[in-house]
Amino acid sequence: MQADKEDDDDASPEEFVALCDFSGSGLEQLSFSSGDKLLVLSKPSADWWWAELRGVKGYVPASYLRQDSAEGEDNSSEDPWQDEEYFGSYGTLRLHLEMLSDRSRTETYRQVVLSNSASLKNKVVMDLGCGTGIISLFCAQLAQPSVVYAVEASSMAEYTRQLVKQNGCEEVVTVLQGRAEELELPEQVDVLVSEWMGNCLLFEFMVESVLVARDRWLRDGGVMWPSSGALTLVPCQADSYYTEKMAFWERPYGLDFTPLQPLAQQEFFTKPKFSHLIEPNDCLAASCDVICLDMYTVQVRDLEVSNRRFLSVEAAVALSRSAKLTAQGLISQEMKGEFHFCVEKSGVFHGFTAWFTVQFESLEKGGAAVELDTGPNSELTHWKQTLFMLDRPVSVNAGDSIRGSVALHRNPIWRRHMTVTLHWNINSGTDDTDSCQVGTKSFPMWR
């Protein structure tokens with residue numbers, strides 16, 4: 001592979017400017033800071049390019065770079081939210097079929113409405129990002145709200161109106177097409193419900209639109225559904241995936257293809273694996289929640305790299321819904337969580353698997369919350385889980401300790417993208433103090 005890179009240097013380089021900081025992991029990735037000018041020597045894939053900065057070469061994530069424009073060139077037409085692509089995908093049936101076919105997800109929302117039907121009577125409800133309007137229809141048919149504002153930014157809204165009428169709910173459900181940031185309602189709402197979650201809870205950041213709608217339209221004392229969320233992490237084995245993508249190159253058809261393994265590692269392991277299905281027995285330790293989100297108190301500014309105030313797990317437990325975020329000692333200064341896993345069985349540590357859980361508080365006094373868990377011990381959802389592979393697997397033994405942190409960094413330019421950075425160290429359960437292994441890796445998340 002090295003020879004191929006040297007050949008790439010003969011191509012005419014292009015100068016690009018870094019949009020934000022990036023910390024490379026391993027010897028193959030190049031670290032850079034916002035504003036750095038990099039020479040892109042080749043573009044081996046749409047996601048990763050081969051570049052040079054101050055004489056050092058390495059792979060860089062393409063979405064973190066913008067071509068250095070000529071003086072006076074207008075880049076204002078670029079859409080950092082990628083609305084045309086994002087909402088365009090929700091204007092077709094492919095994603096809606098996937099979501100509606102997810103019985104665990106859809107039945108959870110149905111159960112939330114059904115278990116709170118008495119308290120929803122005469123309430124004003126907003127269903128943000130309603131899609132085909134399934135949650136709005138649940139509200140209209142299973143409860144007696146005074147009105148449901150079904151809000152959808154994509155062109156699907158035209159069909160949602162037809163579905164509302166087809167199901168005899170037009171007296172209750174009003175479909176509005178538009179973004180939450182531009183929306184105008186005739187009144188405040190009592191309940192704001194939305195299905196905004198993405199991989200690793202926040203990916204694509206629809207949550208920002210939900211927070212904007214909350215601040216504009218939720219009346220004092222109103223209810224958010226979901227009311228809270230948590231990102232969960234576990235160290236895991238992923239032997240079949242490792243064999244498929246990496247070990248395959250050792251002796252295919254009796255030939256030595258190991259020179260392709262560094263390229264395979266770069267191509268398959270530098271991005272998260274979406275739609276991963278982890279078997280419970282591949283978990284090397286008990287999972288833990290690393291980031292908790294309170295939908296009543298989190299602010300849009302908390303999603304930003306420069307000013308993050310997500311609650312730690314301990315703080316989220318300690319604070320009640322009515323508590324004010326004034327106890328600065330309970331507030332993390334970044335979108336970051338820490339973990340400490342005690343390895344429960346010997347095995348091969350291939351990486352980390354993440355999933356999320358959200359809870360819907362009850363409107364009934366003393367009523368139980370409803371939970372949607374996307375983890376491996378719950379009913380399968382269309383999100384499945386997300387796998388983050390280490391560059392190289394590590395053998396671990398029962399009693400070993402895996403400590404570290406996970407940080408979610410929102411891309412400051414492309415607003416629906418983020419990077420997940422994992423730091424970890426492995427300590428042997430023996431008294432050997434020299435057995436500590438330390439690692440760090442960043443995973444840009446975009447499709």
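Because the structure is predicted, anything quoted here is derived from the model rather than measured. Heavy atoms only: backbone and side chains are in, while hydrogens, waters and symmetry mates are out.
More than 12 heavy-atom neighbours from other residues, nucleotides or ligands sit within 6.0 angstrom of CZ on R216. Within 6.0 Å of CG on L93 lie no more than 12 heavy atoms contributed by other residues, nucleotides or ligands. Other residues, nucleotides and ligands contribute at most 12 non-hydrogen atoms within 6.0 Å of the OH atom of Y159. More than 12 non-hydrogen atoms from other residues, nucleotides or ligands lie less than 6.0 angstrom from NZ of K345. The neighbour count for E364 CD, taken as heavy atoms of other residues, nucleotides or ligands under 6.0 Å away, is above 12. Crowding of E338 atom CD: a count of heavy atoms from other residues, nucleotides or ligands under 6.0 Å not exceeding 12.
With hydrogens and angles ignored, the 3.5 Å screen pairs a side-chain donor or acceptor of D127 with a backbone N or O of S136. Side chain of Q385 to backbone of T353: no donor-acceptor contact under 3.5 angstrom is found. At least one donor-acceptor pair under 3.5 Å links the side chain of D294 to the backbone N or O of Y296. The backbone N or O of R410 lies less than 3.5 Å from no partner atom in the side chain of W414, so there is not a single donor-acceptor pair. With hydrogens and angles disregarded, a donor-acceptor distance shorter than 3.5 Å links the side chain of S227 to the backbone of E361. Between the side chain of N116 and the backbone N or O of L363, at least one donor-acceptor pair lies under 3.5 Å. Using modelled atom types, no side-chain atom of S378 and backbone atom of T374 make a donor-acceptor pair closer than 3.5 Å.
Under the 4.5 Å side-chain criterion, counting only non-hydrogen atoms from C-beta, V343 is in contact with I402. At a threshold of 4.5 Å between non-hydrogen side-chain atoms, the residues C169 and Q141 count as touching. Contact of the E204 side chain with the W196 side chain is not registered, since no non-hydrogen atoms from C-beta on lie closer than 4.5 Å. The side-chain heavy atoms of V406 and K336, taken from C-beta on, include no pair separated by under 4.5 Å. Using a 4.5 Å cut-off on side-chain heavy atoms (C-beta onward), L422 and L233 make contact. The closest side-chain heavy-atom distance from Q177 to R161 is below 4.5 Å. For the pair E371 and V358, the minimum side-chain heavy-atom distance is 4.5 Å or more. Residues L201 and W355 form no side-chain contact, since every pair of their non-hydrogen atoms from C-beta on lies 4.5 Å or further apart.
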Please determine whether side chain to side chain donor-acceptor pair (under 3.5 Å) holds for the pair T232 and D289, giving the CA-CA distance in whole Å, both sets of side-chain angles, and the decisive distance to 0.1 Å.
CA-CA 4 Å; T232 303; D289 293 343; 2.7 Å; yes

The test is side-chain contact (heavy atoms from CB on, under 4.5 Å); show your working for C130 and V151 and say whether it passes.
CA-CA 6 Å; C130 68; V151 181; 5.8 Å; no

Take R301 and E208, measure what salt bridge (Lys or Arg N to Asp or Glu O under 4.0 Å) needs, and give me the verdict at the end.
CA-CA 9 Å; R301 64 178 178 273; E208 175 165 330; over 6 Å; no

List the steps, then state whether side-chain contact (heavy atoms from CB on, under 4.5 Å) holds for S209 with R179.
CA-CA 8 Å; S209 296; R179 288 194 55 171; 4.2 Å; yes

Audit row: F138, S117, side-chain contact (heavy atoms from CB on, under 4.5 Å) steps and yes/no:
CA-CA 10 Å; F138 286 158; S117 57; over 6 Å; no

Applying side-chain contact (heavy atoms from CB on, under 4.5 Å), run through F388 and K441 and close with a yes or a no.
CA-CA 9 Å; F388 300 91; K441 189 170 182 180; over 6 Å; no

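Here NE2 of H340 is found 8.0 Å from CG of N427. Values are rounded to the nearest 0.5 Å. Note that the OG atom of S154 and the CG atom of L95 stand 10.0 Å from one another [nearest 0.5 Å]. With rounding to the nearest 0.5 angstrom, the CG atom of N199 is 5.0 Å from the CE atom of M445. A distance of 12.5 Å separates CG in D400 from CD in E344, rounded to the nearest 0.5 Å. From Q188, atom CD reaches atom CE of M126 across 8.5 Å, with rounding to the nearest 0.5 Å. One finds the OG atom of S194 at 7.0 Å from the CD1 atom of I135 (value rounded to the nearest 0.5 Å).
Ring-centre distance between Y241 and F268: not below the 6.0 Å cut-off. Checked against the 6.0 Å centroid threshold, F203 and F205 do not count as a close aromatic pair. Within the 6.0 Å centre-distance limit, the rings of F352 and F339 are counted as a close aromatic pair. If you look at F274 and W383, their ring centroids are not closer than 6.0 Å. The aromatic ring centres of W49 and Y59 sit 6.0 Å or more apart.
Between H350 and Y242, the ring-plane angle classifies as tilted under the 30° and 60° cut-offs.
What you find for Q261 and M246 is that their closest heavy atoms are NE2-O, 3.0 Å.
For the residue pair T440 and H423, a side-chain donor N or O sits within less than 3.5 Å of a side-chain acceptor on the partner. No side-chain donor from either of H417 and N411 sits under 3.5 Å from a side-chain acceptor of the other.
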